[in-house]
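Residue numbers start from 1 in every chain, and the chains themselves are labelled A, B, ... in the order their sequence lines are given, proteins ahead of strands. Values below: every heavy atom of this structure, side chains too, minus hydrogens, waters and symmetry copies.
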Number of protein chains: 2
Amino acid sequence: MLDGLARPGRGRIVKNRLKVLRAERDWSQQDLAQRLEVSRQSVNAIETGRYDPSLPLAFRIAALFDMPIEAIFTPD
Amino acid sequence: MLDGLARPGRGRIVKNRLKVLRAERDWSQQDLAQRLEVSRQSVNAIETGRYDPSLPLAFRIAALFDMPIEAIFTPD
DNA sequence: ACTCAATGTCTAGGTTGCTTTACATTCTTG
DNA sequence: CAAGAATGTAAAGCAACCTAGACATTGAGT
(Lines give C-alpha, C1' and ligand atoms only; values in the text may rest on other atoms or scores of the structure.)
Protein backbone atom coordinates (compact mmCIF):
# COMPACT_ATOMS: atom_id res chain seq x y z
CA MET A 1 0.00 0.00 0.00
CA LEU A 2 1.14 3.48 -0.74
CA ASP A 3 2.10 5.69 2.11
CA GLY A 4 -0.51 8.31 2.82
CA LEU A 5 -0.51 11.95 1.98
CA ALA A 6 -0.70 14.49 4.75
CA ARG A 7 -1.24 18.18 4.43
CA PRO A 8 1.64 20.52 5.22
CA GLY A 9 0.07 22.96 7.70
CA ARG A 10 -0.20 21.31 11.10
CA GLY A 11 -2.90 22.48 13.46
CA ARG A 12 -1.74 25.01 15.99
CA ILE A 13 -2.59 27.55 18.61
CA VAL A 14 -4.48 26.19 21.56
CA LYS A 15 -6.05 28.77 23.87
CA ASN A 16 -5.16 28.63 27.54
CA ARG A 17 -6.15 30.08 30.90
CA LEU A 18 -2.64 30.34 32.31
CA LYS A 19 -2.78 34.06 32.92
CA VAL A 20 -5.99 33.77 34.93
CA LEU A 21 -4.83 30.78 36.96
CA ARG A 22 -1.61 32.60 37.66
CA ALA A 23 -3.47 35.74 38.75
CA GLU A 24 -5.71 33.73 41.08
CA ARG A 25 -2.58 32.62 42.90
CA ASP A 26 -0.80 35.95 42.57
CA TRP A 27 2.17 34.38 40.84
CA SER A 28 4.45 36.24 38.48
CA GLN A 29 5.44 34.63 35.17
CA GLN A 30 8.78 34.07 36.83
CA ASP A 31 7.17 32.26 39.76
CA LEU A 32 5.24 30.00 37.43
CA ALA A 33 8.31 29.35 35.27
CA GLN A 34 10.28 28.18 38.29
CA ARG A 35 7.52 25.84 39.43
CA LEU A 36 7.33 24.36 35.93
CA GLU A 37 11.10 24.34 35.52
CA VAL A 38 10.98 26.26 32.27
CA SER A 39 12.21 29.72 31.36
CA ARG A 40 10.16 32.83 32.01
CA GLN A 41 10.12 33.47 28.25
CA SER A 42 8.46 30.13 27.67
CA VAL A 43 5.67 30.99 30.08
CA ASN A 44 5.28 34.37 28.46
CA ALA A 45 5.26 32.92 24.94
CA ILE A 46 2.59 30.40 25.87
CA GLU A 47 0.44 33.02 27.61
CA THR A 48 0.67 35.44 24.71
CA GLY A 49 -0.11 32.68 22.24
CA ARG A 50 3.15 32.66 20.35
CA TYR A 51 3.34 28.90 20.64
CA ASP A 52 1.79 25.92 22.37
CA PRO A 53 3.50 23.94 25.12
CA SER A 54 4.72 20.42 24.41
CA LEU A 55 2.52 17.61 25.71
CA PRO A 56 4.92 16.83 28.60
CA LEU A 57 4.88 20.48 29.64
CA ALA A 58 1.09 20.59 29.36
CA PHE A 59 0.99 17.65 31.78
CA ARG A 60 3.30 19.45 34.21
CA ILE A 61 1.06 22.52 34.04
CA ALA A 62 -2.06 20.43 34.66
CA ALA A 63 -0.38 18.70 37.60
CA LEU A 64 0.71 22.00 39.09
CA PHE A 65 -2.81 23.42 39.00
CA ASP A 66 -4.33 20.04 39.84
CA MET A 67 -6.69 20.16 36.89
CA PRO A 68 -7.18 18.14 33.72
CA ILE A 69 -5.42 19.50 30.66
CA GLU A 70 -8.81 20.20 29.10
CA ALA A 71 -9.64 22.59 31.96
CA ILE A 72 -6.64 24.76 31.08
CA PHE A 73 -6.20 24.35 27.34
CA THR A 74 -8.83 24.33 24.61
CA PRO A 75 -8.14 23.67 20.91
CA ASP A 76 -10.09 26.77 19.81
CA MET B 1 14.81 41.26 38.51
CA LEU B 2 17.14 38.70 37.06
CA ASP B 3 15.78 36.20 34.60
CA GLY B 4 15.48 32.73 36.04
CA LEU B 5 17.63 29.71 35.41
CA ALA B 6 16.08 26.66 33.83
CA ARG B 7 17.62 23.24 33.44
CA PRO B 8 18.67 22.04 29.98
CA GLY B 9 16.99 18.64 29.72
CA ARG B 10 13.28 18.97 29.03
CA GLY B 11 10.90 16.33 30.25
CA ARG B 12 9.85 13.77 27.66
CA ILE B 13 8.24 10.50 26.79
CA VAL B 14 4.59 10.20 27.71
CA LYS B 15 3.11 6.73 27.49
CA ASN B 16 0.04 6.23 25.32
CA ARG B 17 -2.65 3.69 24.50
CA LEU B 18 -2.86 4.43 20.79
CA LYS B 19 -2.05 0.92 19.65
CA VAL B 20 -4.82 -0.58 21.80
CA LEU B 21 -7.43 2.00 20.82
CA ARG B 22 -6.53 1.45 17.21
CA ALA B 23 -6.81 -2.32 17.56
CA GLU B 24 -10.22 -1.99 19.22
CA ARG B 25 -11.42 -0.27 16.07
CA ASP B 26 -9.42 -2.44 13.72
CA TRP B 27 -7.68 0.53 12.18
CA SER B 28 -4.27 0.38 10.57
CA GLN B 29 -1.67 3.02 11.37
CA GLN B 30 -2.45 4.37 7.95
CA ASP B 31 -6.16 4.62 8.75
CA LEU B 32 -5.44 6.47 11.95
CA ALA B 33 -2.95 8.76 10.24
CA GLN B 34 -5.54 9.80 7.68
CA ARG B 35 -8.16 10.50 10.31
CA LEU B 36 -5.67 12.63 12.21
CA GLU B 37 -4.31 14.24 9.06
CA VAL B 38 -0.74 13.32 9.88
CA SER B 39 1.70 10.95 8.19
CA ARG B 40 1.77 7.24 8.90
CA GLN B 41 5.33 7.67 10.17
CA SER B 42 4.12 10.12 12.81
CA VAL B 43 1.57 7.64 14.11
CA ASN B 44 4.18 4.91 14.15
CA ALA B 45 6.75 7.11 15.89
CA ILE B 46 4.27 8.06 18.60
CA GLU B 47 3.14 4.46 19.11
CA THR B 48 6.67 3.14 19.33
CA GLY B 49 7.64 5.91 21.74
CA ARG B 50 10.15 7.71 19.56
CA TYR B 51 8.52 11.02 20.35
CA ASP B 52 5.44 12.60 21.89
CA PRO B 53 2.73 14.31 19.86
CA SER B 54 2.37 18.07 20.00
CA LEU B 55 -0.44 19.38 22.19
CA PRO B 56 -2.64 20.23 19.18
CA LEU B 57 -2.20 16.72 17.83
CA ALA B 58 -2.94 15.25 21.27
CA PHE B 59 -6.21 17.18 21.21
CA ARG B 60 -7.07 15.84 17.76
CA ILE B 61 -6.37 12.31 18.97
CA ALA B 62 -8.53 12.80 22.06
CA ALA B 63 -11.34 14.23 19.92
CA LEU B 64 -11.15 11.34 17.49
CA PHE B 65 -11.47 8.75 20.25
CA ASP B 66 -13.89 10.93 22.18
CA MET B 67 -11.85 10.69 25.38
CA PRO B 68 -9.95 13.12 27.57
CA ILE B 69 -6.25 13.39 26.83
CA GLU B 70 -5.52 11.88 30.22
CA ALA B 71 -7.37 8.70 29.21
CA ILE B 72 -4.97 8.16 26.32
CA PHE B 73 -1.69 9.67 27.49
CA THR B 74 0.01 9.38 30.87
CA PRO B 75 3.21 11.21 31.86
CA ASP B 76 4.85 7.93 33.03
C1' DA C 1 5.54 -19.87 -3.31
C1' DC C 2 3.62 -15.49 -4.44
C1' DT C 3 1.50 -11.24 -3.37
C1' DC C 4 0.26 -7.49 -0.83
C1' DA C 5 -1.10 -5.02 3.47
C1' DA C 6 0.90 -3.70 7.67
C1' DT C 7 4.57 -2.38 10.44
C1' DG C 8 9.21 -0.75 11.76
C1' DT C 9 13.00 2.04 10.69
C1' DC C 10 16.16 5.33 8.30
C1' DT C 11 17.52 9.69 5.86
C1' DA C 12 17.07 14.43 4.83
C1' DG C 13 14.73 18.61 5.40
C1' DG C 14 11.40 22.06 7.30
C1' DT C 15 8.84 24.02 11.32
C1' DT C 16 7.91 24.43 16.25
C1' DG C 17 9.31 24.42 21.26
C1' DC C 18 12.51 25.90 24.47
C1' DT C 19 16.88 28.06 25.99
C1' DT C 20 20.06 32.09 27.07
C1' DT C 21 21.01 36.83 26.51
C1' DA C 22 19.55 41.23 26.03
C1' DC C 23 16.72 45.30 25.79
C1' DA C 24 12.29 48.20 25.99
C1' DT C 25 8.03 49.19 28.06
C1' DT C 26 4.79 49.53 31.81
C1' DC C 27 3.46 49.62 36.58
C1' DT C 28 4.08 50.48 41.25
C1' DT C 29 5.91 52.69 45.22
C1' DG C 30 8.93 55.89 47.49
C1' DC D 1 11.42 61.69 39.21
C1' DA D 2 14.08 57.46 40.58
C1' DA D 3 14.28 52.52 41.27
C1' DG D 4 12.68 48.03 40.99
C1' DA D 5 9.49 44.39 39.60
C1' DA D 6 6.76 42.47 36.00
C1' DT D 7 5.95 41.94 31.36
C1' DG D 8 6.64 41.84 26.20
C1' DT D 9 9.82 40.92 22.43
C1' DA D 10 13.69 39.68 19.68
C1' DA D 11 17.85 36.98 17.96
C1' DA D 12 20.59 32.89 17.75
C1' DG D 13 21.04 28.10 18.61
C1' DC D 14 19.73 23.37 19.76
C1' DA D 15 16.33 19.74 20.45
C1' DA D 16 11.89 17.84 19.31
C1' DC D 17 8.01 17.26 16.07
C1' DC D 18 6.53 16.23 11.53
C1' DT D 19 7.06 15.52 6.47
C1' DA D 20 8.04 12.69 2.08
C1' DG D 21 10.49 8.89 0.25
C1' DA D 22 12.56 4.61 0.46
C1' DC D 23 13.57 0.03 2.09
C1' DA D 24 13.25 -4.50 5.05
C1' DT D 25 10.59 -7.60 7.59
C1' DT D 26 6.54 -9.90 9.01
C1' DG D 27 2.00 -12.00 8.55
C1' DA D 28 -2.31 -13.29 6.15
C1' DG D 29 -4.52 -14.91 2.18
C1' DT D 30 -4.88 -17.26 -2.05
Side-chain angles (χ1 to χ4, degrees), chain A residues 1-64 69 72-76, chain B residues 1-64 69 72-76:
Chain A
M1 186 209 209
L2 288 173
D3 279 352
L5 301 176
R7 58 164 183 177
R10 343 213 288 272
R12 283 188 297 98
I13 305 307
V14 174
K15 284 188 179 175
N16 69 79
R17 305 201 313 123
L18 269 190
K19 190 168 182 171
V20 172
L21 294 172
R22 196 166 56 74
E24 287 174 353
R25 290 157 183 77
D26 198 33
W27 291 345
S28 66
Q29 292 183 344
Q30 177 64 22
D31 292 333
L32 178 54
Q34 285 175 186
R35 290 173 196 267
L36 294 172
E37 300 184 72
V38 295
S39 69
R40 178 184 68 84
Q41 286 80 354
S42 286
V43 169
N44 184 72
I46 292 167
E47 279 194 5
T48 58
R50 288 210 302 283
Y51 56 71
D52 297 317
S54 66
L55 184 58
L57 179 51
F59 267 110
R60 276 187 271 154
I61 293 170
L64 178 62
I69 288 179
I72 303 175
F73 300 94
T74 63
D76 197 351
Chain B
M1 186 204 209
L2 287 174
D3 279 352
L5 301 178
R7 57 165 184 172
R10 346 213 284 273
R12 283 187 298 98
I13 304 307
V14 173
K15 285 189 178 174
N16 71 76
R17 305 201 313 124
L18 268 192
K19 190 168 184 172
V20 172
L21 295 172
R22 196 166 56 74
E24 287 174 352
R25 289 156 184 78
D26 197 33
W27 291 345
S28 66
Q29 291 183 347
Q30 177 64 22
D31 292 333
L32 178 55
Q34 285 176 186
R35 290 172 197 268
L36 295 172
E37 300 185 76
V38 295
S39 68
R40 179 185 67 85
Q41 288 84 346
S42 286
V43 169
N44 184 70
I46 292 166
E47 280 194 6
T48 57
R50 287 211 302 283
Y51 56 72
D52 297 315
S54 66
L55 185 58
L57 179 51
F59 267 110
R60 277 187 272 155
I61 293 170
L64 178 61
I69 288 179
I72 304 175
F73 301 94
T74 61
D76 198 11

Inset, instruction - Write out all pairs satisfying ring-ring contact (aromatic ring centres under 6.0 Å, His included) with one or both partners inside residues 29-64 of chain A, taking only residues at least two apart or from two chains. - result: none

Legend entry - Short side-chain to backbone donor-acceptor contact, B:N16 and B:I46, under 3.5 Å: yes

Inset, instruction - Look at the side chain of A:R40 and the backbone N and O of A:Q30, then say whether any donor-acceptor pair between them is shorter than 3.5 Å. - result: no

OP1, OP2 of [N] versus side-chain N and O of [X]: anything below 4.0 Å?
X	N	answer
B:K19	C:dA6	no
A:R50	D:dT9	yes
A:T48	D:dT7	no
B:S39	D:dT19	yes
A:R22	D:dT7	yes

Inset, instruction - Quick one: list whatever passes salt bridge (Lys or Arg N to Asp or Glu O under 4.0 Å) with B:K15, sequence neighbours left out. - result: B:D76

Legend entry - Difference in axis direction between the ends of the helix from C:dA1-D:dT30 to C:dG30-D:dC1, five pairs, 10°: 40°

Please tell me which of the listed nucleotides, [options], lies nearest to the side chain of [X]?
X	options	result
A:S54	C:dT7, C:dG17, D:dT7	C:dG17
A:Q29	D:dC18, D:dG8, C:dC18	D:dG8
B:N44	D:dA10, C:dG8, D:dG8	C:dG8
A:E47	C:dG17, D:dC18, D:dG8	D:dG8

Round to the nearest Å and state the distance from [X] atom [atom1] to [N] atom [atom2].
X	N	atom1	atom2	result
A:Q30	D:dA5	CD	C1'	11 Å
A:D52	D:dA16	CG	C1'	14 Å
B:D26	C:dT7	CG	C1'	15 Å
A:I13	D:dC17	CD1	P	17 Å
A:E37	C:dT20	CD	C1'	17 Å
A:Y51	D:dA15	OH	C1'	13 Å
A:R40	C:dC18	CZ	C1'	14 Å
A:I46	D:dT7	CD1	C1'	15 Å

Legend entry - side-chain contact (heavy atoms from CB on, under 4.5 Å) against A:T48, all qualifying residues, sequence neighbours excluded: A:N44, A:R50

Inset, instruction - Give the C-alpha distance, both sets of side-chain angles, the deciding distance and a yes or no for side chain to side chain contact (heavy atoms under 4.5 Å, CB included) between B:F73 and B:I61. - result: CA-CA 10 Å; B:F73 301 94; B:I61 293 170; 3.8 Å; yes

Inset, instruction - Identify the two heavy atoms, one from B:I69 and one from B:A62, that lie closest to each other, and give their separation to 0.1 Å. - result: CG1-CB, 3.8 Å

Legend entry - Test applied, side-chain hydrogen bond (donor to acceptor under 3.5 Å, both in side chains); reference residue, B:Q29; option that passes from B:K19, B:Q34, B:E47: B:E47

Inset, instruction - Answer with yes or no whether B:Q41 presents, from its side chain, a donor or acceptor under 3.5 Å of a partner atom in the base of D:dG21. - result: yes

